[in-house]
Structures are given as structure tokens and as C-alpha cells.
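One structure is given below, encoded as C-alpha cells.
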Amino acid sequence: MKDIVIELIKVLVPLLIGGSVGGLIGFKIGINKSIRQTQKGGDNAVMVQTGEVYNG
């Protein structure tokens with residue numbers, strides 16, 4: 001029983017650490033980007049979407 005618990009800890013701890021670090025990196029990248037989008041179209045129109053992505 002003790003061996004099973006140790007093996008589970010060996011698997012779960014790196015997953016938790018890696019997932020949290022990866023999430024923080026993704027959040028840091030995402031917070032530095034701003035996107036501006038506009039949509040133009042009337043009734044029964046084909047919608048066209050344009051946008052710009054700014055890094056900074």
C-alpha cells in the first residue's frame with residue numbers, strides 16, 4: 001500500500017507543478033496581448049470580421 005501511495009505522489013506532484021507553471025506562462029503571454037475587432041454587416045449580409053493583435 002505504501003508503494004502505491006509513493007508512486008502516485010511521484011506522478012501527481014510533477015503534473016501539478018508543471019500545469020501551474022504552464023498556466024502562469026500562458027496567462028502572462030495572454031495578458032500582454034490586446035485584440036481589437038470590428039464587425040460590419042446589415043440584414044441578410046455575409047459577416048466580415050477584421051482585427052488587429054498588438055503585442056506589448
Side-chain angles (χ1 to χ4, degrees):
M1 181 70 181
K2 183 179 177 183
D3 293 336
I4 294 172
V5 172
I6 291 173
E7 290 300 320
L8 282 174
I9 291 172
K10 284 182 183 178
V11 171
L12 291 177
V13 169
L15 284 176
L16 291 174
I17 293 172
S20 61
V21 170
L24 288 173
I25 291 171
F27 180 74
K28 177 72 174 159
I29 291 170
I31 206 166
N32 287 332
K33 292 186 183 220
S34 60
I35 300 172
R36 183 178 9 164
Q37 292 184 334
T38 57
Q39 288 185 337
K40 296 180 181 177
D43 293 337
N44 298 320
V46 175
M47 296 298 288
V48 177
Q49 188 175 42
T50 60
E52 298 174 8
V53 177
Y54 298 101
N55 293 323

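All heavy atoms count here, side chains included; hydrogens, waters and symmetry mates do not.
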K10: which residues meet the salt bridge (Lys or Arg N to Asp or Glu O under 4.0 Å) condition with it, sequence neighbours left out?
E7
Same cluster or not: V13 versus V5, using hydrophobic residues (I, L, V, M, F, W, Y) connected whenever any side-chain heavy atoms lie under 4.5 Å apart?
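Linked within one cluster.
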Would a single hydrophobic cluster contain both I9 and I17, if residues Ile, Leu, Val, Met, Phe, Trp and Tyr are joined by side-chain heavy-atom contacts under 4.5 Å?
yes
Under 4.5 Å between side-chain heavy atoms, chaining through other members, with only Ile, Leu, Val, Met, Phe, Trp and Tyr counted: pull out the rest of the cluster around L15, sorted by chain and number.
V11
